[in-house]
Amino acid sequence: MYATILVCVYLVTKVLLGKRKAGGGGADMGGGGQQTEPGSSGGRNGVLYTWEEVQKHCHKMDKWLVINRKVYNITEWAKRHPGGMRVISHYAGEDATDAFHAFHPEPEFVRKFLKPLLIGELAPSEPNLDRQKNVMQDFRALREQVEKADLFRSDPLFFCLYLGHILLLEALSLFLLWNWGTGWTQTLLCAVILTTAQSQAGWLQHDFGHLSVFKKSRWNHLVHKFVIGHLKGASANWWNHRHFQHHAKPNIFSKDPDVNMLHALVLGKTQPVEYGIKKLKYLPYNHQHQYFFLIGPPLLIPVYFSIQIMHTMFSRRDWVDLAWALSYYLRYFYCYVPYYGFLGSIALVTFVRFMESHWFVWVTQMNHIPMDIDHEKHQDWLTMQLVATCNIEQSFFNDWFSGHLNFQIEHHLFPTMPRHNYWRAAPMVRAVCEKHGIPYQVKSLWRGFADIVSSLKESGDLWLDAYLHK
Ligand SMILES: *[C@@H]1O[C@H](CO)[C@@H](O)[C@H](O)[C@H]1NC(C)=O
Ligand SMILES: [Zn+2]
(Lines give C-alpha, C1' and ligand atoms only; values in the text may rest on other atoms or scores of the structure.)
(Ligands and ions follow the chains in the order given, each with its own letter.)
Protein backbone atom coordinates (compact mmCIF):
# COMPACT_ATOMS: atom_id res chain seq x y z
CA MET A 1 0.00 0.00 0.00
CA TYR A 2 2.79 2.42 0.94
CA ALA A 3 4.65 1.64 -2.25
CA THR A 4 1.55 2.56 -4.28
CA ILE A 5 1.13 5.83 -2.38
CA LEU A 6 4.79 6.59 -2.87
CA VAL A 7 4.68 6.01 -6.61
CA CYS A 8 1.56 8.17 -6.91
CA VAL A 9 3.12 10.98 -4.89
CA TYR A 10 6.25 10.81 -7.00
CA LEU A 11 4.32 11.01 -10.27
CA VAL A 12 2.14 13.88 -9.06
CA THR A 13 5.20 15.76 -7.78
CA LYS A 14 6.99 15.28 -11.07
CA VAL A 15 4.08 16.53 -13.12
CA LEU A 16 3.56 19.55 -10.88
CA LEU A 17 7.20 20.45 -10.71
CA GLY A 18 7.44 20.04 -14.45
CA LYS A 19 4.79 22.73 -14.73
CA ARG A 20 6.76 24.85 -12.34
CA LYS A 21 9.81 24.60 -14.57
CA ALA A 22 7.82 25.50 -17.68
CA GLY A 23 6.19 28.47 -15.96
CA GLY A 24 9.53 29.56 -14.52
CA GLY A 25 10.19 32.35 -17.00
CA GLY A 26 6.94 34.14 -16.36
CA ALA A 27 7.11 33.69 -12.61
CA ASP A 28 10.64 35.05 -12.49
CA MET A 29 9.58 38.18 -14.27
CA GLY A 30 6.76 38.64 -11.79
CA GLY A 31 9.16 38.14 -8.90
CA GLY A 32 11.84 40.40 -10.34
CA GLY A 33 9.45 43.29 -10.88
CA GLN A 34 8.87 43.80 -7.16
CA GLN A 35 8.88 47.55 -7.50
CA THR A 36 5.71 47.54 -9.57
CA GLU A 37 3.68 45.07 -7.59
CA PRO A 38 1.06 44.95 -6.25
CA GLY A 39 -1.27 47.22 -8.18
CA SER A 40 0.01 49.22 -11.11
CA SER A 41 0.71 52.84 -10.30
CA GLY A 42 -0.38 55.31 -7.67
CA GLY A 43 -2.55 54.68 -4.64
CA ARG A 44 -6.31 54.75 -4.64
CA ASN A 45 -7.34 58.37 -5.27
CA GLY A 46 -3.64 59.20 -5.11
CA VAL A 47 -3.71 59.50 -1.31
CA LEU A 48 -0.20 59.94 0.05
CA TYR A 49 1.00 59.04 3.54
CA THR A 50 4.13 59.45 5.63
CA TRP A 51 5.71 56.70 7.74
CA GLU A 52 4.73 58.70 10.80
CA GLU A 53 1.07 58.48 9.79
CA VAL A 54 1.29 54.75 8.98
CA GLN A 55 2.95 53.94 12.30
CA LYS A 56 -0.05 55.35 14.19
CA HIS A 57 -2.28 52.60 12.80
CA CYS A 58 -1.13 49.71 14.92
CA HIS A 59 -4.17 49.08 17.11
CA LYS A 60 -6.67 46.32 17.44
CA MET A 61 -9.46 48.17 15.59
CA ASP A 62 -7.19 50.09 13.24
CA LYS A 63 -4.39 48.35 11.37
CA TRP A 64 -2.41 49.52 8.36
CA LEU A 65 0.74 48.12 6.83
CA VAL A 66 3.04 48.83 3.90
CA ILE A 67 4.13 46.47 1.11
CA ASN A 68 6.38 47.83 -1.62
CA ARG A 69 5.45 51.45 -0.73
CA LYS A 70 1.71 50.75 -1.00
CA VAL A 71 -0.40 51.35 2.11
CA TYR A 72 -3.06 48.77 2.97
CA ASN A 73 -5.87 48.91 5.52
CA ILE A 74 -5.95 45.38 6.94
CA THR A 75 -8.33 46.05 9.86
CA GLU A 76 -11.13 43.87 8.49
CA TRP A 77 -9.04 41.56 6.32
CA ALA A 78 -6.84 40.41 9.20
CA LYS A 79 -9.67 38.21 10.47
CA ARG A 80 -9.88 36.42 7.14
CA HIS A 81 -6.14 36.18 6.47
CA PRO A 82 -5.47 32.53 5.54
CA GLY A 83 -2.18 32.50 7.45
CA GLY A 84 -3.95 33.64 10.61
CA MET A 85 -5.02 36.95 12.10
CA ARG A 86 -2.23 37.25 14.60
CA VAL A 87 0.67 36.88 12.23
CA ILE A 88 -0.48 39.71 9.95
CA SER A 89 -1.43 41.92 12.90
CA HIS A 90 2.11 41.69 14.27
CA TYR A 91 3.08 43.96 11.36
CA ALA A 92 0.42 46.65 11.89
CA GLY A 93 1.97 50.11 11.50
CA GLU A 94 5.10 48.65 9.91
CA ASP A 95 6.75 47.90 6.62
CA ALA A 96 5.75 44.28 5.91
CA THR A 97 7.45 43.96 2.51
CA ASP A 98 10.06 41.41 3.56
CA ALA A 99 7.66 39.37 5.67
CA PHE A 100 5.16 39.39 2.79
CA HIS A 101 7.72 37.97 0.36
CA ALA A 102 9.04 35.51 2.93
CA PHE A 103 5.65 33.81 3.41
CA HIS A 104 3.94 34.07 0.04
CA PRO A 105 5.49 32.00 -2.74
CA GLU A 106 2.75 33.08 -5.15
CA PRO A 107 2.63 36.91 -5.01
CA GLU A 108 0.58 37.05 -8.24
CA PHE A 109 -2.12 34.97 -6.57
CA VAL A 110 -2.11 37.02 -3.37
CA ARG A 111 -2.30 40.32 -5.27
CA LYS A 112 -6.00 39.96 -5.97
CA PHE A 113 -6.73 39.88 -2.24
CA LEU A 114 -4.55 42.92 -1.64
CA LYS A 115 -6.09 45.20 -4.23
CA PRO A 116 -9.34 46.04 -2.38
CA LEU A 117 -7.36 46.87 0.77
CA LEU A 118 -5.24 49.54 -0.90
CA ILE A 119 -5.84 52.99 0.59
CA GLY A 120 -2.87 54.94 -0.76
CA GLU A 121 0.87 54.97 -0.96
CA LEU A 122 3.91 56.52 0.63
CA ALA A 123 4.62 60.10 -0.34
CA PRO A 124 7.53 60.32 -2.82
CA SER A 125 9.60 62.19 -0.25
CA GLU A 126 9.39 59.23 2.19
CA PRO A 127 12.29 56.75 2.24
CA ASN A 128 11.69 53.30 0.76
CA LEU A 129 12.05 51.64 4.11
CA ASP A 130 11.10 52.71 7.57
CA ARG A 131 14.38 51.74 9.27
CA GLN A 132 17.90 50.36 8.76
CA LYS A 133 17.88 51.42 5.15
CA ASN A 134 21.19 49.93 4.02
CA VAL A 135 20.68 46.54 5.62
CA MET A 136 17.21 46.19 4.16
CA GLN A 137 18.33 47.18 0.70
CA ASP A 138 21.11 44.61 0.80
CA PHE A 139 18.73 41.95 2.07
CA ARG A 140 16.37 42.60 -0.83
CA ALA A 141 19.29 42.36 -3.23
CA LEU A 142 20.22 39.06 -1.56
CA ARG A 143 16.70 37.79 -2.09
CA GLU A 144 16.95 38.63 -5.79
CA GLN A 145 20.33 36.91 -5.93
CA VAL A 146 19.00 33.64 -4.47
CA GLU A 147 15.96 33.83 -6.73
CA LYS A 148 18.24 34.23 -9.75
CA ALA A 149 20.34 31.28 -8.59
CA ASP A 150 17.10 29.26 -8.74
CA LEU A 151 17.30 28.28 -5.09
CA PHE A 152 13.51 28.35 -4.68
CA ARG A 153 13.12 25.45 -7.08
CA SER A 154 12.59 22.17 -5.27
CA ASP A 155 13.89 18.75 -6.22
CA PRO A 156 11.07 16.17 -6.43
CA LEU A 157 13.48 13.29 -5.93
CA PHE A 158 14.67 14.68 -2.61
CA PHE A 159 11.19 14.98 -1.14
CA CYS A 160 10.07 11.61 -2.55
CA LEU A 161 13.05 9.79 -1.07
CA TYR A 162 12.45 11.61 2.17
CA LEU A 163 8.81 10.59 2.31
CA GLY A 164 9.87 7.11 1.20
CA HIS A 165 12.27 6.64 4.09
CA ILE A 166 9.53 7.60 6.56
CA LEU A 167 7.04 5.15 5.05
CA LEU A 168 9.72 2.45 5.01
CA LEU A 169 10.42 2.97 8.71
CA GLU A 170 6.70 2.72 9.49
CA ALA A 171 6.46 -0.49 7.49
CA LEU A 172 9.65 -1.88 9.03
CA SER A 173 8.32 -1.55 12.55
CA LEU A 174 5.23 -3.57 11.64
CA PHE A 175 7.29 -6.14 9.75
CA LEU A 176 9.44 -6.58 12.82
CA LEU A 177 6.46 -7.44 15.01
CA TRP A 178 4.92 -9.65 12.35
CA ASN A 179 8.12 -11.62 11.86
CA TRP A 180 9.71 -11.73 15.31
CA GLY A 181 6.81 -11.21 17.68
CA THR A 182 6.28 -8.79 20.52
CA GLY A 183 9.05 -9.53 23.02
CA TRP A 184 10.65 -6.65 24.95
CA THR A 185 13.60 -6.33 22.59
CA GLN A 186 11.39 -6.22 19.52
CA THR A 187 9.05 -3.74 21.21
CA LEU A 188 11.90 -1.44 22.15
CA LEU A 189 13.34 -1.61 18.66
CA CYS A 190 9.91 -0.96 17.23
CA ALA A 191 9.54 2.12 19.48
CA VAL A 192 12.90 3.47 18.33
CA ILE A 193 11.95 3.02 14.69
CA LEU A 194 8.56 4.66 15.21
CA THR A 195 10.18 7.56 17.06
CA THR A 196 12.53 8.10 14.13
CA ALA A 197 9.63 7.96 11.67
CA GLN A 198 7.62 10.46 13.76
CA SER A 199 10.50 12.89 14.15
CA GLN A 200 11.32 12.75 10.46
CA ALA A 201 7.64 13.18 9.54
CA GLY A 202 7.73 16.24 11.79
CA TRP A 203 10.54 17.76 9.72
CA LEU A 204 8.78 16.82 6.49
CA GLN A 205 5.44 18.40 7.45
CA HIS A 206 7.42 21.56 8.18
CA ASP A 207 8.53 21.67 4.50
CA PHE A 208 4.98 21.46 3.19
CA GLY A 209 3.66 23.81 5.87
CA HIS A 210 6.09 26.45 4.61
CA LEU A 211 4.87 25.90 1.03
CA SER A 212 8.43 25.07 0.01
CA VAL A 213 7.85 21.98 -2.13
CA PHE A 214 5.22 22.59 -4.80
CA LYS A 215 4.80 25.76 -6.77
CA LYS A 216 1.06 25.80 -6.05
CA SER A 217 0.14 26.59 -2.45
CA ARG A 218 -2.90 24.34 -2.81
CA TRP A 219 -0.76 21.23 -3.33
CA ASN A 220 1.53 22.11 -0.47
CA HIS A 221 -1.48 22.50 1.81
CA LEU A 222 -2.95 19.18 0.72
CA VAL A 223 0.22 17.14 1.24
CA HIS A 224 0.83 19.07 4.46
CA LYS A 225 -2.50 17.76 5.77
CA PHE A 226 -1.52 14.23 4.73
CA VAL A 227 1.88 14.34 6.43
CA ILE A 228 0.97 16.15 9.64
CA GLY A 229 -2.53 14.66 9.82
CA HIS A 230 -2.30 11.12 8.55
CA LEU A 231 1.36 10.39 9.35
CA LYS A 232 1.47 12.21 12.71
CA GLY A 233 -2.07 12.68 13.99
CA ALA A 234 -1.80 16.45 14.39
CA SER A 235 -3.57 19.51 12.98
CA ALA A 236 -2.14 21.51 10.06
CA ASN A 237 -4.01 24.73 10.87
CA TRP A 238 -3.02 24.70 14.50
CA TRP A 239 0.59 24.28 13.51
CA ASN A 240 0.44 26.96 10.80
CA HIS A 241 -0.98 29.63 13.07
CA ARG A 242 1.63 29.02 15.69
CA HIS A 243 4.61 28.55 13.47
CA PHE A 244 4.04 31.54 11.16
CA GLN A 245 3.92 33.85 14.15
CA HIS A 246 7.21 32.39 15.32
CA HIS A 247 8.73 33.11 11.91
CA ALA A 248 7.23 36.59 11.57
CA LYS A 249 8.57 37.78 14.95
CA PRO A 250 11.04 35.20 16.32
CA ASN A 251 12.00 35.44 20.01
CA ILE A 252 9.76 38.47 20.55
CA PHE A 253 7.59 38.25 23.66
CA SER A 254 3.82 38.40 23.13
CA LYS A 255 4.30 37.84 19.38
CA ASP A 256 6.28 34.57 19.13
CA PRO A 257 4.24 31.81 20.83
CA ASP A 258 7.40 29.66 21.10
CA VAL A 259 8.91 31.91 23.77
CA ASN A 260 5.75 31.99 25.87
CA MET A 261 6.73 29.52 28.57
CA LEU A 262 3.62 30.06 30.71
CA HIS A 263 5.72 31.20 33.70
CA ALA A 264 7.52 27.85 33.83
CA LEU A 265 10.82 29.29 32.56
CA VAL A 266 12.28 32.77 32.18
CA LEU A 267 14.20 33.44 28.95
CA GLY A 268 16.75 35.93 27.65
CA LYS A 269 18.14 38.83 29.63
CA THR A 270 15.11 41.14 29.94
CA GLN A 271 12.35 38.86 31.17
CA PRO A 272 14.26 37.44 34.19
CA VAL A 273 15.03 40.93 35.46
CA GLU A 274 11.41 42.05 34.96
CA TYR A 275 10.14 39.01 36.87
CA GLY A 276 12.74 39.55 39.58
CA ILE A 277 11.88 43.21 40.11
CA LYS A 278 8.18 42.38 40.26
CA LYS A 279 9.01 39.62 42.78
CA LEU A 280 7.38 36.98 40.55
CA LYS A 281 8.33 33.46 41.53
CA TYR A 282 6.04 30.88 39.99
CA LEU A 283 8.94 28.41 40.15
CA PRO A 284 12.48 28.74 41.54
CA TYR A 285 13.93 30.01 38.26
CA ASN A 286 17.51 29.83 39.53
CA HIS A 287 17.08 26.04 39.20
CA GLN A 288 15.43 26.13 35.78
CA HIS A 289 18.51 24.70 34.03
CA GLN A 290 17.92 21.61 36.20
CA TYR A 291 14.15 21.23 36.20
CA PHE A 292 14.16 21.91 32.43
CA PHE A 293 15.20 18.24 32.06
CA LEU A 294 11.96 17.22 33.76
CA ILE A 295 9.46 19.60 32.20
CA GLY A 296 11.05 20.39 28.81
CA PRO A 297 12.24 17.46 26.71
CA PRO A 298 9.99 14.75 28.17
CA LEU A 299 6.73 16.71 28.20
CA LEU A 300 6.57 19.21 25.38
CA ILE A 301 5.32 16.96 22.57
CA PRO A 302 2.76 15.07 24.68
CA VAL A 303 1.43 18.44 25.94
CA TYR A 304 1.38 19.91 22.41
CA PHE A 305 -0.56 16.94 21.09
CA SER A 306 -3.15 17.18 23.84
CA ILE A 307 -3.58 20.94 23.50
CA GLN A 308 -3.89 20.95 19.76
CA ILE A 309 -6.44 18.15 19.62
CA MET A 310 -8.57 19.98 22.22
CA HIS A 311 -8.13 23.24 20.39
CA THR A 312 -9.01 21.73 17.01
CA MET A 313 -12.05 19.95 18.42
CA PHE A 314 -13.59 22.54 20.70
CA SER A 315 -12.27 25.96 19.83
CA ARG A 316 -11.73 25.93 16.07
CA ARG A 317 -14.09 23.07 15.20
CA ASP A 318 -11.80 22.25 12.33
CA TRP A 319 -13.42 19.06 11.08
CA VAL A 320 -11.10 18.60 8.10
CA ASP A 321 -7.98 18.61 10.26
CA LEU A 322 -9.72 16.47 12.81
CA ALA A 323 -10.60 13.87 10.17
CA TRP A 324 -6.99 13.72 8.98
CA ALA A 325 -5.74 13.27 12.55
CA LEU A 326 -8.38 10.64 13.17
CA SER A 327 -7.16 8.73 10.10
CA TYR A 328 -3.76 8.48 11.77
CA TYR A 329 -5.20 6.95 14.94
CA LEU A 330 -7.47 4.59 13.00
CA ARG A 331 -4.53 3.29 11.00
CA TYR A 332 -2.32 3.07 14.06
CA PHE A 333 -4.83 1.10 16.11
CA TYR A 334 -5.76 -1.09 13.15
CA CYS A 335 -2.10 -2.05 12.77
CA TYR A 336 -1.02 -2.36 16.41
CA VAL A 337 -4.06 -3.57 18.39
CA PRO A 338 -3.61 -7.13 17.01
CA TYR A 339 -0.14 -7.19 18.61
CA TYR A 340 -0.56 -5.20 21.81
CA GLY A 341 -4.27 -4.88 22.48
CA PHE A 342 -5.90 -1.48 22.92
CA LEU A 343 -4.21 -0.38 26.15
CA GLY A 344 -0.86 -1.74 25.04
CA SER A 345 -1.13 0.27 21.83
CA ILE A 346 -1.90 3.43 23.79
CA ALA A 347 1.12 2.77 25.98
CA LEU A 348 3.31 2.29 22.91
CA VAL A 349 2.19 5.49 21.18
CA THR A 350 2.63 7.45 24.43
CA PHE A 351 6.15 6.09 24.84
CA VAL A 352 6.95 7.02 21.23
CA ARG A 353 5.68 10.60 21.82
CA PHE A 354 7.82 10.79 24.95
CA MET A 355 10.95 9.80 23.02
CA GLU A 356 10.09 12.01 20.05
CA SER A 357 9.69 14.90 22.46
CA HIS A 358 13.36 14.72 23.50
CA TRP A 359 14.48 14.75 19.88
CA PHE A 360 12.15 17.63 19.04
CA VAL A 361 12.95 19.84 22.00
CA TRP A 362 16.73 19.72 21.80
CA VAL A 363 16.76 20.30 18.05
CA THR A 364 14.17 23.08 17.91
CA GLN A 365 15.38 24.99 20.95
CA MET A 366 19.12 24.99 20.19
CA ASN A 367 18.75 27.59 17.42
CA HIS A 368 16.68 30.10 19.41
CA ILE A 369 16.89 29.81 23.22
CA PRO A 370 20.55 30.89 23.48
CA MET A 371 19.91 33.96 21.27
CA ASP A 372 18.35 37.39 22.05
CA ILE A 373 14.86 37.06 23.46
CA ASP A 374 13.21 40.40 24.09
CA HIS A 375 10.28 42.73 23.54
CA GLU A 376 9.51 44.16 20.11
CA LYS A 377 12.36 46.36 18.87
CA HIS A 378 11.08 46.91 15.32
CA GLN A 379 14.25 45.75 13.63
CA ASP A 380 14.58 45.08 9.93
CA TRP A 381 13.99 41.52 8.66
CA LEU A 382 17.65 40.46 8.38
CA THR A 383 18.75 41.84 11.75
CA MET A 384 15.64 40.59 13.54
CA GLN A 385 16.13 37.02 12.23
CA LEU A 386 19.88 36.96 12.85
CA VAL A 387 19.77 38.10 16.48
CA ALA A 388 17.17 35.39 17.17
CA THR A 389 18.73 32.49 15.26
CA CYS A 390 21.97 30.52 14.99
CA ASN A 391 23.15 27.63 12.80
CA ILE A 392 24.60 24.20 13.59
CA GLU A 393 27.48 22.77 11.56
CA GLN A 394 26.66 20.98 8.35
CA SER A 395 27.16 17.21 8.10
CA PHE A 396 25.11 14.40 6.62
CA PHE A 397 24.04 13.30 10.08
CA ASN A 398 23.24 16.81 11.32
CA ASP A 399 21.20 17.56 8.18
CA TRP A 400 19.17 14.39 8.65
CA PHE A 401 18.89 14.58 12.42
CA SER A 402 17.64 18.17 12.45
CA GLY A 403 15.68 18.06 9.19
CA HIS A 404 18.11 20.67 7.78
CA LEU A 405 17.15 23.05 10.58
CA ASN A 406 20.85 23.20 11.33
CA PHE A 407 20.58 25.89 8.62
CA GLN A 408 18.03 27.72 10.74
CA ILE A 409 19.33 31.15 9.67
CA GLU A 410 18.69 30.47 5.97
CA HIS A 411 15.36 28.89 6.84
CA HIS A 412 14.28 31.97 8.77
CA LEU A 413 15.40 34.41 6.08
CA PHE A 414 13.74 32.43 3.29
CA PRO A 415 11.05 30.17 4.78
CA THR A 416 9.69 29.11 1.38
CA MET A 417 13.08 27.88 0.14
CA PRO A 418 13.29 24.07 -0.24
CA ARG A 419 15.64 22.85 2.44
CA HIS A 420 18.05 20.98 0.17
CA ASN A 421 19.18 24.41 -1.11
CA TYR A 422 20.03 26.06 2.22
CA TRP A 423 23.70 25.15 1.98
CA ARG A 424 23.92 26.98 -1.35
CA ALA A 425 22.35 30.13 0.08
CA ALA A 426 24.50 30.08 3.25
CA PRO A 427 27.69 31.68 1.82
CA MET A 428 25.66 34.51 0.24
CA VAL A 429 23.86 35.17 3.53
CA ARG A 430 27.11 35.09 5.44
CA ALA A 431 28.66 37.66 3.09
CA VAL A 432 25.82 40.16 3.64
CA CYS A 433 26.01 39.66 7.41
CA GLU A 434 29.77 40.23 7.39
CA LYS A 435 29.36 43.42 5.39
CA HIS A 436 27.04 44.87 8.03
CA GLY A 437 28.78 43.43 11.07
CA ILE A 438 25.80 41.25 11.98
CA PRO A 439 27.02 38.13 13.87
CA TYR A 440 26.36 34.88 11.97
CA GLN A 441 26.81 32.07 14.49
CA VAL A 442 27.61 28.46 13.64
CA LYS A 443 28.31 25.84 16.32
CA SER A 444 28.56 22.09 16.78
CA LEU A 445 25.51 20.02 17.64
CA TRP A 446 26.75 19.35 21.18
CA ARG A 447 27.59 23.01 21.73
CA GLY A 448 24.05 23.79 20.57
CA PHE A 449 22.54 21.42 23.15
CA ALA A 450 24.84 22.63 25.94
CA ASP A 451 24.06 26.29 25.17
CA ILE A 452 20.36 25.69 25.86
CA VAL A 453 21.22 24.66 29.40
CA SER A 454 23.82 27.37 29.99
CA SER A 455 21.54 30.14 28.72
CA LEU A 456 18.75 28.89 30.99
CA LYS A 457 21.19 29.03 33.87
CA GLU A 458 22.26 32.53 32.93
CA SER A 459 18.64 33.76 32.79
CA GLY A 460 17.88 32.01 36.08
CA ASP A 461 20.85 33.73 37.76
CA LEU A 462 19.73 37.12 36.43
CA TRP A 463 16.29 36.46 37.90
CA LEU A 464 17.68 35.50 41.31
CA ASP A 465 19.86 38.59 41.42
CA ALA A 466 16.96 40.90 40.54
CA TYR A 467 14.61 39.03 42.90
CA LEU A 468 16.93 39.35 45.88
CA HIS A 469 18.56 42.72 45.31
CA LYS A 470 16.34 45.00 43.20
C1 LIG B 1 -9.98 50.93 7.46
O2 LIG B 1 -10.90 49.89 7.67
C3 LIG B 1 -11.77 50.08 8.79
C4 LIG B 1 -12.60 48.84 8.95
O5 LIG B 1 -13.11 48.40 7.75
C6 LIG B 1 -12.60 51.35 8.57
O7 LIG B 1 -13.42 51.57 9.71
C8 LIG B 1 -11.68 52.53 8.35
O9 LIG B 1 -12.43 53.69 8.05
C10 LIG B 1 -10.72 52.24 7.21
N11 LIG B 1 -9.76 53.36 7.06
C12 LIG B 1 -9.51 53.94 5.88
C13 LIG B 1 -8.58 55.08 5.88
O14 LIG B 1 -10.01 53.53 4.84
ZN1 LIG C 1 9.83 27.01 10.06
Side-chain angles (χ1 to χ4, degrees), residues 43-50 52-66 70-81 83-85 87-89 92-93 99 102-105 113-122 152 154 199 201-213 220-221 224 227-228 234 236-251 255-259 304 360 363-368 371 381 384-385 388-392 402-422 425:
R44 182 174 289 177
N45 311 325
V47 185
L48 299 177
Y49 296 105
T50 60
E52 209 189 337
E53 177 66 27
V54 171
Q55 280 158 2
K56 285 182 200 151
H57 299 270
C58 60
H59 307 287
K60 196 162 181 240
M61 300 307 293
D62 177 23
K63 297 171 202 159
W64 295 4
L65 51 71
V66 176
K70 300 275 191 290
V71 182
Y72 298 93
N73 180 356
I74 57 151
T75 315
E76 276 302 314
W77 167 250
K79 292 173 207 148
R80 288 180 286 129
H81 181 231
M85 176 174 88
V87 68
I88 191 172
S89 303
F103 295 122
H104 303 104
F113 297 103
L114 275 175
K115 232 174 184 159
L117 312 178
L118 187 70
I119 54 169
E121 65 179 307
L122 290 175
F152 286 95
S154 72
S199 295
W203 306 144
L204 186 65
Q205 67 82 17
H206 179 248
D207 296 312
F208 290 101
H210 275 296
L211 314 175
S212 73
V213 183
N220 284 304
H221 286 308
H224 186 216
V227 177
I228 196 173
N237 276 326
W238 183 85
W239 184 86
N240 283 348
H241 284 230
R242 230 190 122 85
H243 196 66
F244 291 153
Q245 289 185 70
H246 160 68
H247 270 273
K249 294 285 181 180
N251 281 11
K255 292 191 173 178
D256 177 357
D258 291 4
V259 293
Y304 265 10
F360 177 84
V363 169
T364 53
Q365 303 307 306
M366 67 187 176
N367 307 97
H368 297 301
M371 305 302 290
W381 184 258
M384 173 181 72
Q385 300 293 354
T389 314
C390 65
N391 275 7
I392 301 297
S402 68
H404 284 88
L405 293 180
N406 50 341
F407 287 101
Q408 190 78 232
I409 293 175
E410 285 68 30
H411 172 54
H412 264 260
L413 292 178
F414 308 110
T416 55
M417 183 183 287
R419 61 155 116 156
H420 50 73
N421 285 338
Y422 293 157

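Atoms within each ligand, like the ligands themselves, are counted from 1 in listed order.
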Might you work through the side-chain hydrogen bond (donor to acceptor under 3.5 Å, both in side chains) test for E410 and N421, ending with a clear yes or no? CA-CA 9 Å; E410 285 68 30; N421 285 338; over 6 Å; no

Could you go through the side-chain hydrogen bond (donor to acceptor under 3.5 Å, both in side chains) check for H411 and H210 one step at a time? CA-CA 10 Å; H411 172 54; H210 275 296; 3.2 Å; yes

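Among protein heavy atoms, atom 13 (C) of ligand 1 sits closest to W64 CZ2, 3.7 Å. Among all non-hydrogen protein atoms, the one lying nearest atom 4 (C) of ligand 1 is E76 CG, 3.8 Å.
Inter-residue side-chain proximity for H57 and T75 is flagged as unmet; no heavy-atom pair is nearer than 4.5 Å.
One finds a salt bridge joining R242 and D258 here, because a Lys/Arg side-chain nitrogen approaches an Asp/Glu carboxylate oxygen to under 4.0 Å.
Without hydrogens or angle criteria, N367 side chain to Q408 main chain gives no donor-acceptor distance under 3.5 Å. Under a 3.5 Å cut-off, the side chain of D256 and the backbone N or O of P250 do not form any donor-acceptor pair.
Coordination check, H411 versus the Zn ion (ligand 2): passed, since an N/O/S atom of the residue sits under 2.8 Å. Look at H206 and the Zn ion (ligand 2): an N/O/S atom of the residue is under 2.8 Å from the metal.
Within the 4.0 angstrom cut-off, atom 7 (O) of ligand 1 has no protein heavy-atom neighbours.
Residue N73 holds the heavy atom nearest to atom 11 (N) of ligand 1 of all those in N73, I119, I74.
Counting just the N/O/S atoms of H210, the one with the shortest distance to the Zn ion (ligand 2) is named NE2.
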